[in-house]
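Please read the structure below before turning to the comments.
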Amino acid sequence: MRGTAQWLHKMAADSEPESEVFEITDFTTASEWERFISKVEEVLNDWKLIGVSSGKPLEKGVYTTGIWEEKSDEISFADFRFSITHHYLVQEASGKDGKEELVEDVLPLSMQDLLCMNNDFPPRAHCLVRWYGLREFVVIAPAANNDAVLSESKCNLLLSSVSIALGNTGCQVPLFVQIHHKWRRMYVGECQGPGVRTDFEMVHLRKVPNQYTHLSGLLDIFKSKIGCSLTPLPPVSIAIRLTYVLQDWQQYFWPQQPPDIDALIGGEVGGLEFGKLPFGACEDPVSELHLAATWPHLTEGIIVDNDVYSDLDPIQAPQWSVRVRKADNLQCLLGDFLTEFFKLCRRKESADEILGRSTFEEDGKEVADITHALSKLTEPAPVPIHKLSVTNMVHSAKKKIRKHRGVDDSPLNNEVLNTLMLFLFPDDADKLTDGSEARLSTSRNNPPPESEEYNLYSQFKSAPSDSLTYKLALCLCMINFYHGGVKGVAHLWQEFVVEMRRRWEKNYLIPELANGSPDLRCCLLHQKLQMLNCCIERKKARDEGKKPYTSDRSPSGSSGDTGKAVDRSGGDYQKETEKERGEVGKSWESWSDSEEEFFECLSDTEELKGNGQENGKKGGTKEGNKESANLKPEGRLHPHGKLTLLHPGEPLYIPVTQEPAPMTEDLLEEQSEVLAKLGTSAEGAHLRARMQSACLLSDMESFKAANPGCCLEDFVRWYSPRDYIEEEVVDEEGNRVLKGELSARMKIPSNMWVEAWETAKPVPARRQRRLFDDTREAEKVLHYLAVQKPADLARHLLPCVIHAAVLKVKEEETLEDIASVKKIIKQIISHSSKVLRFPNPEDKKLEEIIAQIMSAEAIIARARSLKAKFGIEKCDQEEEKEDLERFVNCLLEQPEVSVIGAGRGPAGSIIHKLFLNAQRMTESSDEVATMTSLDEELKRSGSSDERRLNLGAVTDFPPPAGRELILRITVPRPAPYSKPLPQRMYSVITKEDFRLAGAFSADTTFF
Amino acid sequence: MDEDILTTLKILIIGESGVGKSSLLLRFTDDTFDPELAATIGVDFKVKTISVDGNKAKLAIWDTAGQERFRTLTPSYYRGAQGVILVYDVTRRDTFVKLDNWLNELETYCTRNDIVKMLVGNKIDKENRAVDRNEGLKFARKHSMLFIEASAKTCDGVQCAFEELVEKIIQTPGLWESESQNRGVKLSNQEEGYGERACGGYCSML
Ligand SMILES: Nc1nc2c(ncn2[C@@H]2O[C@H](COP(=O)(O)OP(=O)(O)OP(=O)(O)O)[C@@H](O)[C@H]2O)c(=O)[nH]1
Ligand SMILES: [Mg+2]
């Protein structure tokens, strides 16, 4: 114990006179002490750490590749709380039989581990593992982070408790106590085996005493510690690792330039383009490179390393390994874009509040007028007022916006705005030149439709990457970042809404939206735009269809006659409502005298001959089936296979039908609420069916018109074939014939199908009442768009932005091919598709997604930085290039990578050059430093270590930032006739501290 | 009365026209079989409270029309559903063949990817069976669905089908808690939870 006391003393002397943080009053009370020991024993028992430890010899590198686990408990000494933790490498359960084979006097595993050289200098491990090479140990440390055991007597007391507990239990796992302040990482400990004991001791100093800076000095203390009187002593085995740090990358400028916005607006190709997200780190994502030069197997006497001379030239080291340090809080462009956009979601203000002006407010009257008009619009029945002067409203709104928004206080200047609008609506440019709505081919960089990538939108509930919605999202994202933040966003949105109105009013289709009903897989905003397009399409078709025979209106309702249109529609509206009142209860009825309410079907290829006549005829009589057989067929699409009508035997025609009304998800939601409210009673169910039967009725009417003389059976055969049951029967003449009849459920008297069939009149789709009121729906959409706040928009479009960001990361990854990023991308996609499909995703979840995207971006940026540093692009030897690429990929994914060929391999020589260049830079700046502060220089050279290295030939590398040494030997201790046992000492010297960690074993039987 | 109701669940019934969706629902809610039931127009809606493992759950069940022409309306009812019953007619192979289409539609429009699916082969009381039970079983296994054969007419399997579906929904972490409850927990649970349930998302009850 003499040695221990001495070491502890040294350590205590070094620590500044710190007042003890606490006072354990009962620390020396025998009973408390005994209780503590028995508590320790109890825990060791619980964890089954008692008895002979067994295991296989350690494989190479298993400390890095294996899994480490820990188990914790709490114990106390009087009222002072300690945590006790078992750290261990998870190993395959070694069979019980192995234990039986063990011979009595085999050394505990931990003692064997002290000598094992397969896991020296593990890249990531508990410090006790690094210092002592242990696979398993228990640590007792103060439970509270700022508690500490400071006085020497207390340290000794703890240590003897440990010793007693180990002795009592026969536990062979080393047990450590942490003493002094936690940050000092001071441990003392003990390991016991049958007749053997290892003491773990430690010295920790702020400054390195001169004699310990080199191998020969350290060998001296090691030998004196062992105090073995054997002569000659067997040679000490030595492992050395020197670590060099490179922070200076001056010769390689970080290639990322901040994007140039002015260039962008000027139309030049800058770092950024509208519709594209930026990418990459704003600073070098790799801050340091650490090179470890290792001599893993030296024997005493082979090399010289002393006060005046050293053989330890890193270039000559047999092993090199490298690790890189990431820059902390790396700033990346894509991540910044996303984060800023996401912040928009939390803004509360409306667009008007943000722009600091009130577009409509001043004219409160007009607002009232519009809402009034809207409330009329929401009344039931087809309201033929689609000529309500939207034009007027838009123009005055525009004027007002202009008036209120002086050129200067407009957040987006005209140039930016024009560029944006042209980007969003490229068809406008086309129109200027040739006056036609050119179909666009903007799918430059888009993944091909049907590809997995293209279909991401349905997983993210965003919008297709070639859609207007998606582009809008990207523009807003950029505006938010570079052009006045939320103000710019509000401004662009207002312009966008005005454009939407203009398009509706002028019958210009909105570009870059898929045709047809709103796609429920997309975000609501996208659906709304699609809905508007449906309205425009129908209005346009109607207006154009009327052109030949309605002379009183120009097709696109140009501003010239808008006033007239208002009057007209107002008048019509009144007329219609009156009529409606008169016809309450006859909900199956349709009218024939107002052309406005008819669906004029352009796809109907039939000639429009004799329309007027027929209208007249039909209006007069209420025909039954038989009479209508005489009618001229109308609105046929094509024959239905070879089917013929049951009675006249004519071919059965599929009629042209009205398209069902397009719906956005919120409308559908509303509708389902209404339907649910009808309840579950029979009447409720009946009403519900009736409410949904408009489409059925319309189809029946079309069918009747196309197939004069048809009956319900005919209709059912087309419409619901399973409800027409055919059977082979034998007739009177003995022939087998097919006999068909309606299914039982269709034959129920006065069921809704029969009822509808009886009400239906033969009217072709184009003269039926419209199922879909495009004017009303368009107005609703435009109103919806107008009231969206920037925050609403950001929430609507965030899925698109995330979608775009994922595509961007994917695209960039493809260039670099990094496995870990591929994995992250997969995770982001599966995570996003879970989060974004919900109506109101939680902010925390969204933040997580954004963080994942940022981490992928950072890894790619790091890869690029490393590739540039290692000159992979410049390398023209194919094989070498591949090796380098592999090396860089390993650096990204592993904590430490060994350099093949050490200093002589391709990667090694590049690293050498990097250091060399950095050294030259420092030298030249040192000269300057010498002139300015001689004092500094003198102080610096005070370290003999540095001086020695600088004096020697080795100037390619800076002085090592860390020197680690492991000395090992097996000798009898304490007496020459004792059992030969493992002895080990580890030392590390860095700028800040010096540590010796010794494990000295002694024979406890023969001494 | 409402206080002891654990949750309200949205259930959807889909499948080809005439396979007996409305009849199954009527059997379940009113315990009757009405041969005079009209073909559904659009969607219909029924409510029933049941008790599974001592938990009361209120079911809001949407019965959709299988008829092609109404299908443009129905996808909206997929939104937010926690469970879906996919029905085919064991005496009509064509209704079985079309199941894939229905699953596609479900995949496209339902908002949750952990929706509990049950396959029901209906009309087993009839003589002229055209789809073997094993085929149904195989299909269900392939698509991680629950499976049962039933008859709305004789009542076979009907109650069981609904109960089993509800039980599964309640067992699925995060699927049934009200939207306002912490969804954070919900989602992280789902991540591990779903694919690895004891029965692998597949159970047979006959
Ligand atoms: N034998 C027998 N017939 C049944 C059974 N279930 C339904 N049916 C009959 O099958 C026909 C169709 O049943 P419905 O319940 O209306 O079918 P559905 O699936 O709701 O049809 P749609 O509403 O058109 O989608 C009716 O005539 C029922 O009487 C059953 O289990 N056994
Ligand atoms: Mg039905």
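In what follows, chains carry the letters A, B, and so on, assigned in the order in which the sequence lines appear, proteins first and then strands, with residues in each chain numbered from 1.
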Just so I know, are the side chains of [X] and [Y] near enough to count as touching, which here means a heavy-atom distance under 4.5 Å?
X	Y	answer
A/L668	B/Y77	no
B/F70	A/L696	yes
B/R69	A/T657	yes
B/F45	A/L675	no

Q) In terms of heavy-atom pairs under 4.5 Å with chain B, which of A/G684, A/A685, A/A689, A/S672 leads? A)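 Among the listed options, the one with the most contacts to chain B is A/S672.
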
Q | Residue selection (most heavy-atom pairs with chain B, distance under 4.5 Å) from A/P721, A/A676, A/C695, A/S458 | A |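 Top option by heavy-atom pairs under 4.5 Å: A/A676.
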
(Q) Out of B/D44, B/T29, B/V47, return the one with the most heavy atom pairs under 4.5 angstrom to chain A. (A)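 The answer is B/D44.
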
Side chain from CB out, backbone as N, CA, C, O: work out which of these in [X] comes under 4.5 Å of a heavy atom of chain B, or both, or neither.
X	answer
A/S720	both
A/M746	side chain
A/E669	side chain

Q | From A/R745 atom CZ to B/S17 atom OG, the distance as rounded to the nearest 0.5 Å | A |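 The distance works out to 4.5 Å.
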
Q | Separation of A/T680 OG1 from B/K46 NZ (nearest 0.5 Å) | A |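 It is 6.5 Å, given to the nearest 0.5 Å.
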
Q: Tell me, yes or no, whether the heavy-atom count around A/K823 atom NZ, taken from other residues, nucleotides or ligands under 6.0 Å, exceeds 12.
A: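 Open.
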
Q: Give a yes or no on whether A/E728 atom CD has more than 12 heavy-atom contacts from other residues, nucleotides or ligands under 6.0 Å away.
A: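 Result for CD/A/E728: enclosed.
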
Q: Could you tell me whether B/E16 and A/R722 have a side-chain N and a carboxylate O separated by less than 4.0 Å?
A: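 Salt bridge flag = yes for A/R722 with B/E16.
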
Q: Would you mind checking which part of B/E68 comes under 4.5 Å of any heavy atom in chain A, side chain (CB onward), backbone (N, CA, C, O), both or neither?
A: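 Answer is neither: B/E68 stays 4.5 Å or more from chain A.
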
Q) Could you give all pairs that pass the salt bridge (Lys or Arg N to Asp or Glu O under 4.0 Å) test and reach residues 19-35 of chain B, with sequence neighbours left out? A)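 Those involving residues 19-35 of chain B are B/R27-B/D31.
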
Q. If you take all heavy atoms of B/A39 and A/D723, which pair is closest and at what distance?
A.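 Heavy atoms of B/A39 and A/D723 come nearest at CB-OD2, 4.5 Å.
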
Q | B/I41 to A/W753 - nearest heavy-atom pair and separation | A |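 Nearest pair, atom of B/I41 first, then A/W753: CG1-NE1, 3.7 Å.
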
